Amino acid sequence: MTTLHFDEFLKRACPEQDLDWRKYRRASRRRVLERIAALGLTGYADYLDYLQSHPREAGELPNLLRVTVTRFFRDRDCWQELAKDILPRIMARKTTKTLQALSLGSCGGEEPYSLALVWAEYLQPRFPEHSLNITGLEMDPAGLARARQAVYRPGTLREVSEEIKARWFSRDKDTYRLDQSIKERVSFRQQDLLKDPLPADQDLILCRYLFFTYFKANRLLGASRRIRQALNQSGVLMIGLKEDLGPQAKTLFEPVSENGCFYAS
Ligand SMILES: C[S@@+](CC[C@H](N)C(=O)[O-])C[C@H]1O[C@@H](n2cnc3c(N)ncnc32)[C@H](O)[C@@H]1O
C-alpha cells in the first residue's frame, strides 16, 4: 500500500473536479481524515480509489474541502468603493427603492454584516427612502449558528475602525456583540451553493474567497453563469481583491472598477 501525504492527495484529486489544489488548508485535511474514517478506509490512497468509483462522493469534494476563513471588512478599500461609488450607482439606475443583496458563503456573518454596516453608516443617511435586504447563504450549520449569534472575537474585527466598533458593537470582556439593529438587516439561510439555485433579481452579489479562489475551468464557468443569471440588469458582482474572474468567466461580466473587485452583468 502507498502512503500519500495530504498535498499529494489534493494534487491528484482536485484537477478532476476543477478545483485548485494549492488553495486548501489544514481544516480541509481534518475533514478529509474524518470522512476517510467514517467510510472505514485506510488512508488517502484508498480514498482516491473510492472517489474514482463513487462519482457522487467526488462531486461532494469541494464541500468537504471547504475553507472557512473570514473577517469583517476583508479588503477594506473595496468596501469604501462599494459605499462611495458602487451602491449609489446601483441606486441611480433602479426604479424601485428596495435593493436585494446576497452574500455567498456567508460563514459566521462577518461579510453580510459588513455590508449592513456600510449601509447603516454611509448609505442610509444619504438615501433615507431606500432599503437594503441582505441574505447570507451558507451550507455550514456551525457558521450559520455563529452568524445568528453575532458575537465576535477581536481578531475578526481587526479591519473595523474604532468609530464603527464603538457605534455598532458592545464589548464584553474579550468579545464584541453586534448591535441588534444591524443584525436585523441580515437574514441567513442554509443552502448548498453547488446544488440549489440562487434567488433571482439581485442588485448585488458578494462572492468572495469561494468560487473565484477554489474553482477552475468548467466548474468556475458554471458557477459564474449562475451568478450572472441571479443578477438583475443593474446588478453588480463583488469578488475579493486577491481573486480573478478567470479567462472564461471574464467573458460574462464587464469590470466596473479599476481594482478588479466589481463587475456588471
Ligand atoms: C473562505 S470562506 C469566505 C467567507 C466570506 N465570503 C469572505 O470572503 O470572507 C468560504 C465560505 O463558503 C462556505 N461554503 C463553501 N462551499 C459552500 C457551498 N457549496 N454552499 C454554501 N456555502 C459554502 C464555507 O463554509 C465558508 O463559510
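Indexing begins at 1, ligand by ligand and atom by atom, following the structure's order. Computed from a predicted model, the values in this text were never measured in an experiment.
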A.B. asks: Are the charged groups of Glu110 and Arg146 less than 4.0 angstrom apart, N to O?
C.D. replies: yes
A.B. asks: Does a donor on one side chain sit under 3.5 Å from an acceptor on the other, for Glu243 and Thr213?
C.D. replies: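 There is such a pair between these side chains.
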A.B. asks: Can you list every protein residue that has a heavy atom under 4.0 Å from any atom of ligand 1, sorted by chain and residue number?
C.D. replies: Asn63, Arg66, Val67, Thr68, Val69, Thr70, Arg74, Leu104, Gly105, Cys107, Glu111, Glu138, Met139, Asp140, Gln191, Asp192, Leu193, Leu194, Arg208, Tyr209, Leu210
A.B. asks: Taking Arg31 for the side chain and Ser28 for the main chain, is one N or O donor matched with an acceptor at less than 3.5 Å?
C.D. replies: no
A.B. asks: Using modelled atom types and a 3.5 Å cut-off, is there a donor and acceptor pairing between side-chain atoms of Asp18 and backbone atoms of Phe215?
C.D. replies: no
A.B. asks: Cation-pi check, Arg35 to Tyr47: give yes when NZ or CZ is under 6.0 Å from the six-membered ring centre and within 45° of the ring axis, no otherwise.
C.D. replies: no
A.B. asks: Which of these, Leu193, Asp140, Asp192, sits in a side chain to side chain contact (heavy atoms under 4.5 Å, CB included) with Asn63?
C.D. replies: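 Single side chain to side chain contact (heavy atoms under 4.5 Å, CB included) partner of Asn63 among Leu193, Asp140, Asp192: Asp192.
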